[in-house]
J.: 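I am attaching a structure below and will ask some questions about it afterwards.
Fair warning: this is a prediction, and the values are worked out from it, not measured in the lab. Proteins get letters first, then strands, A, B, ... in listed order; numbering begins at 1 in each.
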Amino acid sequence: MAEAAAPILAVEGLSVSYATPYARLFALDDVSLAIPRGEVLGLVGESGSGKSTVVLAALGLLGEAASVSARRAEFDGRDLLADAAALRGRRIGVVFQDPAAALNPALSIGLQVAEPMLTHQRLPRTEAYARAAALLGELGIPRVAEIMQAYPHQLSGGMKQRAMIAAALAGEPELLLLDEPTTALDVTIEAQILDLLEGLRASRGLSMLLVSHNLGIVGRLCDRLTILYAGRTVETGPTAAVLAAPRHPYTRGLLGALPRPEARARRLLPIPGALPDLRSPDPGCNFRPRCPLAVAACAEPQAMLPAGPARRVRCHRHALVADLPLLLDPVAPSRPSAAAPLVDVEGLTRGFGGPTLLRRRRTRVHAVDGMSLTIHPGEIVGLVGESGCGKSTLARLILRLLPADGGRLAFDGRPVPERPDLAFRRRAQIVLQNPDGSLNPRRTVEAILRRPLAHFGLAQGAAAGREVARLLELVRLPEAYRSRYPHQLSGGEKQRVGIARALATRPDFLVCDEAVSALDVSVQAAVLNLLQDLRDTLGVAYLFISHDIGVIAHIADTIVVMYRGHAMERGPADAVLHAPHHPYTEALLSAGAARQMRLVDTAPSGAGCRFAGACPRKLGAICDIEPPPWREASAGHRILCHIPVEQLARPGLRPGPAGARRPQTP
Amino acid sequence: MSAAALRHAASRRLPGTLLLGGAVLGAIAVLAVIGPWITPYNPTAFAVRFRFVPPGAAHWFGTDEFGRDVLSRVLAGAHYSLVMGFGATALSLAVGVPLGLLAAFHRGLVEEAIMRPIDLLISLPPVLLGLLILAVTPPNLFKTVLAVGIVYVPILARLSRAVALGLLEEDFVTAARARGEGAVSILAREILPNAWPPIIVESGLRVTFAILLGSSLSFLGLGPQPPGSEWGLMIAESREFLDRAPWIGLAPGFSLCVLLIAVNLFGEGLREFLDPRLRGRAGG
Amino acid sequence: MGLYLARRLLAMLGVVWAMSVLIFGIIHILPGNVAYAILGEYATPQAVAILEDRLGLHDPLPLQYWHWFSALLHGDLGRSLVMDRPAGPLIFEALGHSAILAGSSFLLVAVFGILLGVHAATHRGTAVDRALTLMQLGFIAIPDFFWAILLILIFAAWLHWLPATGYAPLDGGDLLAWLSHLVLPVFVLSIGLIAHVSRLTRSSMLEALESRYVLAARAKGLPARLVLGRHALPNALLPTITILAIDAGLLIGGVVVVETVFAYPGLGRLLIFAIDHHDLPLLQAGMMVVTTIYALANLIADLGYALLDPRIRVGAHA
């Protein structure tokens with residue numbers, strides 16, 4: 001480690017607070033970090049940790065409402081707090097989370113990239129545009145001349161983020177601040193962007209601050225990590241060391257809560273409790289209410305203590321952290337069900353748009369195109385796919401919330417009509433993604449849980465009251481939550497009420513549509529465990545839908561991989577997670593394969609494979625013209641691909657570009 | 001809204017604008033109701049000997065060209081503006097909200113059948129639409145209320161449709177659908193409890209505009225007819241005597257201003273109270 | 001863009017046609033005998049019969065409509081009953097006067113509304129910002145006809161600075177007289193709408209200033225001038241254009257009232273004349289002209305919106 005070299009960015013004791021109507025809010029409290037020149041520092045924290053505040057403070061863009069102080073804040077020897085306005089855009093570049101929001105919708109891409117060169121370097125217009133085009137080309141953007149003239153709404157998410165990065169690089173900065181640069185993107189695009197950043201770091205000698213909630217991605221790019229919890233740095237050290245042997249209970253907790261394909265048979269270890277109130281910061285350790293190691297002495301103010309080579313940790317009991325378990329006991333493997341399928345879907349199809357009275361020539365776009373799957377009683381089928389693949393539409397088709405254009409749907413052996421009866425509605429329920437939208441904000445928890453009981457005539461009066469108590473207990477919420485309104489609950493608690501509402505009808509089948517995607521890792525783990533337990537105790541079957549293959553790998557018995565409205569691969573989870581893979585599954589599972597996916601992914605025209613346009617292992621014209629066959633890889637494991645199974649079993653990786661490293665996850 | 005939710009809402013502090021506007025509005029409403037009994041003079045009785053008496057002890061607001069007491073006339077005319085403002089708004093609520101909800105709920109043909117005519121009504125400037133409705137038949141208060149109400153139906157229909165469309169996308173409505181709840185039940189239990197705050201806020205603003213539009217139409221002679229003392233009409237009749245007896249027009253004019261300020265404060269207060277974007281996030 | 005333009009133009013023609021049905025329908029279907037409405041309730045049956053014959057009122061309604069509408073398409077706006085002259089020249093002369101009034105007011109509203117709104121957004125809580133809030137209240141609380149009365153009282157009756165009412169033709173060469181008759185009406189028409197436009201421009205500007213793309217522009221180290229002018233303003237003006245279109249409608253209504261108060265010989269006063277004298281052909285024709293102008297204003301607003309918003313100007317795919 002180049003520990004001795006003067007850091008390009010050095011921040012010590014950074015504090016930020018805001019005046020709110022009722023009390024002062026302490027967003028950052030004594031945060032320290034340092035980025036050695038040419039290195040990448042990962043700043044990791046969950047929502048509310050204050051990680052984005054660090055970025056805005058470094059840019060001097062927090063606004064007048066914030067009071068900022070620091071013992072030391074220097075960029076290359078200059079006072080960062082005083083000179084931020086002169087440094088940003090010139091020597092410090094920044095890439096924000098959601099490129100759709102961060103690019104100006106009214107300006108062309110070319111202008112937005114060339115802008116810093118026009119203002120800072122005062123280049124003539126033609127030269128600035130020529131350099132902007134070259135920069136976009138360097139970042140792997142095809143058809144540069146066309147893209148220069150395009151507007152943000154015409155670009156895909158990955159292209160937008162490349163344009164954002166180009167704009168950040170246009171001022172030729174030495175330090176790049178990356179605020180959740182891949183969070184709004186699909187995993188395959190994320191892999192490509194990370195790859196790009198890795199390459200830039202090598203070719204331009206850039207230093208970077210990568211802010212993320214995702215331990216998986218910081219591991220791939222960062223030399224050092226700093227972990228942030230509720231406005232305080234709790235641990236810092238070399239990436240590999242921190243991930244392999246975390247020394248702060250919170251870091252340990254984050255790792256234990258992270259679902260990973262490699263450890264799918266182990267139970268997750270959620271962090272109990274919730275983020276502390278930032279309006280009255282704990283003078284002692286602010287993680288102590290959630291900490292398994294907490295003792296009386298934790299109420300004392302904690303300093304960052306040295307803990308091994310180049311490591312510091314804000315915990316006086318850090319020596320004991322190594323003894324905490326990272327994962328709990330293996331879960332009992334689910335018994336394969338020999339019973340008849342509970343849900344039987346065949347060739348389900350649904351399109352959107354299409355000809356109307358006024359526009360006869362519009363074509364109908366098929367969101368779900370001939371999907372088939374079966375779900376047995378008590379089975380968890382994981383459906384994984386990226387945004388726009390049609391997985392949520394499929395969920396609504398299976399519950400008959402949307403009329404299908406074609407295909408068959410049978411439940412418990414009987415076909416389900418277009419307008420299903422109450423019996424089907426009672427037995428098939430849904431848990432939805434957005435914790436803020438899934439509960440009616442004007443009703444109490446009790447009213448929300450009583451509604452299905454009354455609607456299906458399951459319980460009334462005192463019996464319904466007892467039933468509400470049973471449901472709350474089932475989802476591990478205190479009885480006192482009955483009288484609460486949704487806005488008085490945390491995200492995880494709202495999601496539990498949503499699950500309880502779905503369970504109120506004692507269903508046999510539950511569709512979980514991205515049910516944990518909006519939750520922080522530590523909360524997500526608890527909800528995943530809960531769902532797993534409910535399956536084990538109640539025998540409910542799930543169709544578990546997620547874009548996150550880690551989550552799917554963790555919970556599912558059977559996995560279906562979906563791409564552009566159609567299944568690409570299906571089979572028992574253990575089989576799907578190991579080679580042979582469909583090339584798309586391979587890209588979802590491995591960053592190495594994803595970075596070789598093609599960027600130009602125009603919609604398929606003919607009868608060929610839907611993935612052909614983006615496939616890194618495309619054979620040739622056959623993929624475009626002929627529909628691929630289902631190939632049987634093992635019992636029940638089938639892959640839709642022209643490539644023979646034996647070849648699919650060998651990884652399709654070509655040697656990666658210079659500077660690229662294998663993903664390192666602990 | 002359940003009792004608990006009401007208690008929850010009541011526990012928030014009422015904005016000062018709401019209280020002040022409500023108090024003034026209440027006072028005007030009381031005056032409008034008891035006006036006929038407390039007017040110092042008969043508001044329509046001519047008194048030729050007392051024409052153009054300036055404001056003074058006997059006639060606080062002076063007298064007009066027929067010797068009628070202006071204060072009495074202003075008091076007797078207070079109810080017109082209130083009826084036009086609140087009556088017309090109630091009418092546009094009663095017609096616009098169901099239309100908007102229906103259009104949101106039944107996409108396709110029903111929606112087209114409702115929204116196209118509404119788009120058409122919006123493509124006529126408000127005063128013109130009022131003029132058109134009132135042009136042919138003899139004007140009176142009821143017709144003015146009707147015309148103003150019709151003018152604002154499209155705005156409330158569009159708003160309720162937009163609000164309902166947003167709510168229909170919410171996950172809790174999907175959950176209700178997954179239970180097989182019917183349209184009426186979803187509208188009543190899931191949509192309306194969440195849709196009424198923005199609709200009420202808009203209605204508060206509409207009352208102001210309805211009073212403005214109603215008095216403008218009266219001013220143009222398309223409202224209550226003489227000898228009624230609608231304030232806009234009084235101002236129109238006073239024009240001839242503006243340099244001789246300005247008080248005849250100023251008294252109803254300033255009364256109208258006070259009423260409009262009160263209604264506007266009340267509407268702003270309602271918005272502050274109900275609009276979640278302006279509300280503090282202190283839960284618990 | 002070409003396709004968009006063609007679609008908007010077609011939609012506008014559709015609206016104008018539908019408005020012709022609506023205007024004709026409301027005037028002819030509302031209860032009340034048209035001939036009696038025109039002649040008064042004591043008219044002799046013979047007079048009624050003659051008039052009904054002259055107006056073609058014996059024909060079925062659709063046929064009456066067709067006669068009227070096809071004449072419109074040929075540029076024939078009908079005949080004023082009361083003045084016994086073709087309606088077209090009457091209307092277009094009045095329209096010319098109104099156009100001066102409405103046009104100059106609208107220009108003031110657009111320019112000052114946007115300038116003041118942007119200024120208030122970038123100088124929050126300052127005197128100008130607070131003055132605008134008060135102005136908005138003035139707009140809401142003082143009806144335009146009362147504004148007119150107050151101004152006539154102050155500037156004409158008391159100070160004798162300006163003429164109270166009327167119009168001085170420009171061809172007399174007296175520019176000052178012409179202008180002096182415009183000052184008060186234009187002020188009354190524009191003051192409230194300036195407040196309205198500036199308040200809404202202020203809030204859309206504030207929204208743009210709080211957006212991620214403005215944050216990103218500032219993070220690029222751009223000077224404040226560029227952040228405001230290039231990044232925030234084009235997006236903030238989108239809602240302002242919609243508001244300007246709505247205010248064009250309010251302005252047309254205001255013109256009717258203001259022309260009546262100031263005895264200004266414009267289209268608004270002509271419409272009120274037609275209503276007062278039950279001159280239905282003149283009323284129908286005048287309403288059609290106003291509607292068409294308003295539809296044109298909306299079309300222009302749509303095009304302005306499209307020019308500023310690339311999501312409409314250029315298609316979805318690069």
J.: Heavy-atom pairs under 4.5 Å with chain C are the metric here; pick the option from B/S216, B/G249, B/G130, B/P246 that has the most.
T.: B/S216
J.: If you round to the nearest 0.5 Å, how far is CD1 of C/I246 from CD1 of B/I122?
T.: 8.0 Å
J.: Taking every heavy-atom pair that is under 4.5 Å apart, which of C/G253, C/A141, C/A157 has the most such pairs with chain B?
T.: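 If we count pairs closer than 4.5 Å to chain B, C/A141 comes out on top.
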J.: Counting only heavy atoms closer than 4.5 Å, note whether C/I272 contacts chain B via side chain, backbone, both or neither.
T.: side chain
J.: Give, as side chain, backbone, both or neither, the part of B/L259 having an atom under 4.5 angstrom from any heavy atom of chain C.
T.: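 No part of B/L259 comes within 4.5 Å of chain C.
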J.: Out of C/G254, C/A18, C/A248, C/A156, which one racks up the most heavy-atom pairs below 4.5 Å with chain B?
T.: C/A18
J.: Below 4.5 Å, heavy-atom pairs only: which of B/L256, B/I261, B/D119, B/L124 has the largest tally toward chain C?
T.: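 Of B/L256, B/I261, B/D119, B/L124, B/L124 has the most heavy-atom pairs under 4.5 Å with chain C.
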J.: Under 6.0 Å between the ring centres of C/F146 and B/F219?
T.: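 No, the ring centres sit 6.0 Å or more apart.
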J.: Heavy-atom distance under 4.5 Å to chain C: side chain of B/L222, backbone, both or neither?
T.: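 When you check distances to chain C, only side chain atoms of B/L222 fall under 4.5 Å.
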J.: Would you mind reporting whether B/L250 and C/L150 have side-chain heavy atoms less than 4.5 Å apart?
T.: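 A side-chain contact under 4.5 Å exists here.
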J.: May I ask you to test the B/L121-C/L22 pair for a side-chain heavy-atom distance under 4.5 Å?
T.: yes
J.: Can you find a heavy atom in the side chain of C/V256 that is under 4.5 Å from one in the side chain of B/L131?
T.: yes
J.: Below 4.5 Å, heavy atoms only, C-beta onward: do C/L250 and B/P126 meet side chain to side chain?
T.: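 With C-beta onward as the side chain, the pair touches.
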J.: Which atoms of B/F254 are under 4.5 Å from chain C, going by heavy atoms: the side chain, the backbone, both sets, or neither?
T.: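 Answer is both: backbone and side chain atoms of B/F254 are under 4.5 Å from chain C.
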J.: Nearest 0.5 Å please: distance from the CE atom of C/M287 over to the CG atom of B/L132.
T.: 4.5 Å
J.: Near C/R124 CZ, under 6.0 Å, is it more than 12 heavy atoms from other residues, nucleotides or ligands?
T.: no
J.: Checking C/V261 against chain B: side chain, backbone, both or neither under 4.5 Å from a heavy atom?
T.: both
J.: With side-chain contact (heavy atoms from CB on, under 4.5 Å) as the criterion, how do B/L134 and C/I275 come out once you've worked through the C-alpha distance, each side chain's angles and the decisive distance to 0.1 Å?
T.: CA-CA 9 Å; B/L134 295 168; C/I275 290 173; over 6 Å; no
J.: Please look at C/I23 and chain B and tell me whether the side chain, the backbone, both or neither of the residue comes under 4.5 angstrom of a heavy atom of that chain.
T.: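 For C/I23, heavy atoms of backbone and side chain both lie under 4.5 Å from chain B.
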J.: Answer with side chain, backbone, both or neither: which region of C/V290 has an atom nearer than 4.5 Å to a non-hydrogen atom of chain B?
T.: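 Side chain only.
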J.: Going by residue number, which parts of residues 235-243 of chain B are within reach of chain C, meaning a heavy-atom gap below 4.5 Å?
T.: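 Within residues 235-243 of chain B, the residues that come under 4.5 Å of chain C (heavy atoms only) are B/I235, B/R239, B/L242, B/D243.
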J.: Give the member of C/A245, C/G14, C/G249 that has the highest number of heavy-atom pairs under 4.5 Å with chain B.
T.: C/G249
J.: Less than 4.5 Å to any heavy atom of chain C: does that hold for the side chain of B/T208, its backbone, both, or neither?
T.: side chain
J.: Using a cut-off of 6.0 Å, state whether more than 12 heavy atoms not belonging to C/Q64 lie near its atom CD.
T.: yes
J.: Hey, could you give me the CZ/CG distance between C/F145 and B/L212, rounded to the nearest 0.5 Å?
T.: 7.5 Å
J.: What is the distance from atom CD1 of C/I26 to atom CD1 of B/I133, rounded to the nearest 0.5 Å?
T.: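 So the CD1 of C/I26 and the CD1 of B/I133 are separated by 5.5 Å.
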J.: Pick one of side chain, backbone, both or neither for C/L283, based on which atoms fall under 4.5 Å of a heavy atom in chain B.
T.: side chain
J.: How many angstroms lie between atom CD1 of C/I142 and atom CG of B/L260, to the nearest 0.5 angstrom?
T.: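 Answer for the CD1-CG pair, C/I142 versus B/L260, is 9.5 Å.
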J.: Can you tell me how far apart CG (B/L120) and CE (C/M19) are? Round to the nearest 0.5 Å.
T.: 5.0 Å
J.: Quick one: of C/D276, C/I152, C/V257, who has the most non-hydrogen atom pairs under 4.5 Å with chain B?
T.: C/V257
